[in-house]
There are 2 protein chains.
Amino acid sequence: MRRAATHAHILEAAWALARRDGIAAIALRDIAGRVGMRAPSLYTYFPSKNALYDAMFAEGARQLAETLASRRKDADPGETLRARVQLFIAFCMADPVRYQLLFERPIPGFEPTQDSLDIMLSALAGTRTDLEAVGIHGERALDLLRALITGLISLQVANDPGGDRWTRLQEEALEMFLAHYAHRAANVK
Amino acid sequence: MRRAATHAHILEAAWALARRDGIAAIALRDIAGRVGMRAPSLYTYFPSKNALYDAMFAEGARQLAETLASRRKDADPGETLRARVQLFIAFCMADPVRYQLLFERPIPGFEPTQDSLDIMLSALAGTRTDLEAVGIHGERALDLLRALITGLISLQVANDPGGDRWTRLQEEALEMFLAHYAHRAANVK
DNA sequence: GTCTATATCCAGATAGAC
DNA sequence: GTCTATCTGGATATAGAC
């Protein structure tokens, strides 16, 4: 359908502008301009600006789900976990604006719908499984790993965009995390 | 002077509104209303809205500097480091909007002046010293510790405001970090 | 110093013609 | 489906009277 193509075209324009001006700064006028339309015509495709944001969120979440599902599954579960972390960080750095939309709350007044959040949750659900495969269980461990990864990414995006000052620490960070739990397990024995 | 008092009164009103509506959403009308003025009168005290933001930034940075300078200095340098981390996290959680202004870039078009940034830098300069006191040197270690703390705080603020799901992990996180470097040092020997 | 009035600009959203 | 015209509401900032 032509309609679906135009729909996709509008989303594409929105992403391009978001990457240029920031996700919160995109204007319907400009998006419309990019696809050869006037602003009111967008309302044929999206009932509101927040609906457009929600479609962007859902699209990003689907991309993340695909990316993480494609991770290399190694016989060594530690390698599988490493692959997940590496893919996740690469995904975030490949498009910082997408990262911001998915993991921060950059737009006052916008919250993703439950449907879109569900896509995100399903994308992230496998982390627990990969962690348990290396013998690490529990909510605390999951939260600590998330904090470690989040910290690396957010400092990277905020303070050294385009560089690798923090992302290059990812292997060391993961080793530190794994050693911490290996040590705890050994002490329990 | 009356003038200094009014100046402070305006800043106070700005903080109150920022905490209520978000730092990027405060309107000069509302700030003025809170201090019994009309919007244009604020221009007697601040030449622009960004100048007001900059004054808020500088104020927050001064508060951070005071807080960290007051940390307990223990005979055990590990305890001093722990105290610094604990104070820093408590400072951030005590006012998430202030945290956002100081450590994220929540306002499009606003960047703090060099003078204000210098206050921040001086507030944070002691971290390296405290780290070196426990025998941990180098930029990588500093960056990794920063990532760990940043991750805990940003997840806490974003996903469990008012709770302690992540901040309660701070001791474990610091132990993990210290053990990592202790282990590396032992291996080098 | 503070006010009213206004300039200037921007946004999202809707009505209704074509 | 797309357009023009408009509604509604918001903002920062300035001019000039008092």
Side-chain angles (χ1 to χ4, degrees), chain A residues 1-57 97 100-101 105-113 116, chain B residues 1-57 97 100-101 105-113 116:
Chain A
M1 324 306 224
R2 287 271 313 286
R3 188 175 166 82
T6 308
H7 190 97
H9 199 180
I10 292 168
L11 276 173
E12 211 177 313
W15 280 115
L17 283 170
R19 282 188 281 265
R20 196 192 65 183
D21 301 333
I23 183 73
I26 61 179
L28 296 183
R29 283 169 171 49
D30 299 342
I31 298 170
R34 281 222 163 201
V35 299
M37 277 181 177
R38 304 295 181 143
S41 306
L42 298 181
Y43 285 81
T44 304
Y45 299 91
F46 298 94
S48 73
K49 194 184 187 185
N50 277 353
L52 172 63
Y53 278 135
D54 194 57
M56 296 172 78
F57 184 98
V97 162
Q100 229 191 329
L101 177 62
R105 290 280 129 94
I107 303 154
F110 166 67
E111 297 223 356
T113 60
S116 302
Chain B
M1 322 305 225
R2 287 271 313 287
R3 187 174 168 82
T6 307
H7 190 97
H9 199 179
I10 292 169
L11 275 174
E12 212 177 312
W15 279 115
L17 283 169
R19 281 188 282 265
R20 197 191 65 182
D21 301 334
I23 183 74
I26 61 177
L28 296 184
R29 285 185 207 322
D30 299 342
I31 298 170
R34 282 222 164 203
V35 299
M37 278 180 176
R38 305 296 181 143
S41 306
L42 298 180
Y43 285 81
T44 304
Y45 299 91
F46 299 94
S48 73
K49 193 184 186 185
N50 277 353
L52 173 62
Y53 278 134
D54 194 57
M56 296 172 77
F57 184 98
V97 162
Q100 229 190 330
L101 177 61
R105 289 278 128 97
I107 301 153
F110 166 67
E111 297 223 356
T113 59
S116 301

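Each chain gets a letter, A, B and so on, in the order the sequences are listed, and its residues count up from 1.
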K.L.:
Tell me, do A:E111 and A:N50 make a side-chain contact under 4.5 Å, heavy atoms counted?
P.N.:
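No, their side chains stay 4.5 Å or more apart.
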K.L.:
Using atom CZ of B:F110 as one end and atom P of D:dT12 as the other, report the distance to the nearest whole Å.
P.N.:
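Rounded to the whole Å, the gap is 15 Å.
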K.L.:
Would you say B:R29 places a side-chain N or O within less than 4.0 Å of OP1 or OP2 belonging to D:dG10?
P.N.:
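For D:dG10, neither OP1 nor OP2 has a side-chain N or O of B:R29 closer than 4.0 Å.
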K.L.:
Which two nucleotides bound the region of DNA chain C that has atoms under 4.0 Å from heavy atoms of chain A, read 5' to 3'?
P.N.:
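Reading along DNA chain C, I get C:dA11 to C:dT14.
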K.L.:
Quick check: do A:Y53 and A:I23 have side-chain heavy atoms less than 4.5 Å from each other?
P.N.:
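With C-beta onward as the side chain, the pair touches.
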K.L.:
Between A:P47 and A:D30, which residue's closest nucleotide on DNA chain C lies nearer the 5′ terminus?
P.N.:
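Closer to the 5' end of DNA chain C: A:D30.
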K.L.:
Within this structure, what is the OH-OG1 distance for the pair A:Y45 and A:T6, rounded to the nearest 0.5 Å?
P.N.:
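Going from OH on A:Y45 over to OG1 on A:T6, the span is 4.0 Å.
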K.L.:
Donor-acceptor pairs are to be reported for all side-chain atoms of residues 26-38 of chain A against protein atoms at under 3.5 Å, with residues two or more places apart or in another chain.
P.N.:
none

K.L.:
Rounding to a whole Å, what distance do you find between A:L28:CG and D:dT8:P?
P.N.:
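One finds 19 Å between P of D:dT8 and CG of A:L28, rounded.
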K.L.:
Decide yes or no for A:R105 and A:F110: does some side-chain heavy atom of the first lie under 4.5 Å from some side-chain heavy atom of the second?
P.N.:
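SC-SC contact between A:R105 and A:F110 ruled out.
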K.L.:
Across the strands shown, which category fits A:F46 at heavy-atom distances under 4.0 angstrom: base, sugar-phosphate, nothing?
P.N.:
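Since no nucleic acid heavy atom lies under 4.0 Å of A:F46, the category is nothing.
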K.L.:
Hey, which of these two, A:G36 or B:Y43, hits DNA chain D nearer its 5' end, going by closest nucleotide?
P.N.:
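The residue closer to the strand's 5' end, by nearest nucleotide, is A:G36.
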K.L.:
B:L52 CG to D:dT12 C1': how many Å, rounded?
P.N.:
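From B:L52 CG to D:dT12 C1': 12 Å.
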K.L.:
Compare all side-chain heavy atoms of A:L52 with those of A:L11 and state whether any distance is below 4.5 angstrom.
P.N.:
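Answer yes - side chains close enough.
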K.L.:
How long is the line joining OH of B:Y45 and P of D:dA13, in whole Å?
P.N.:
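Those two atoms, OH and P, are 18 Å apart.
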K.L.:
Over all strands shown, is A:S48 touching base, sugar-phosphate only, or nothing at heavy-atom distances under 4.0 angstrom?
P.N.:
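It contacts sugar-phosphate atoms only.
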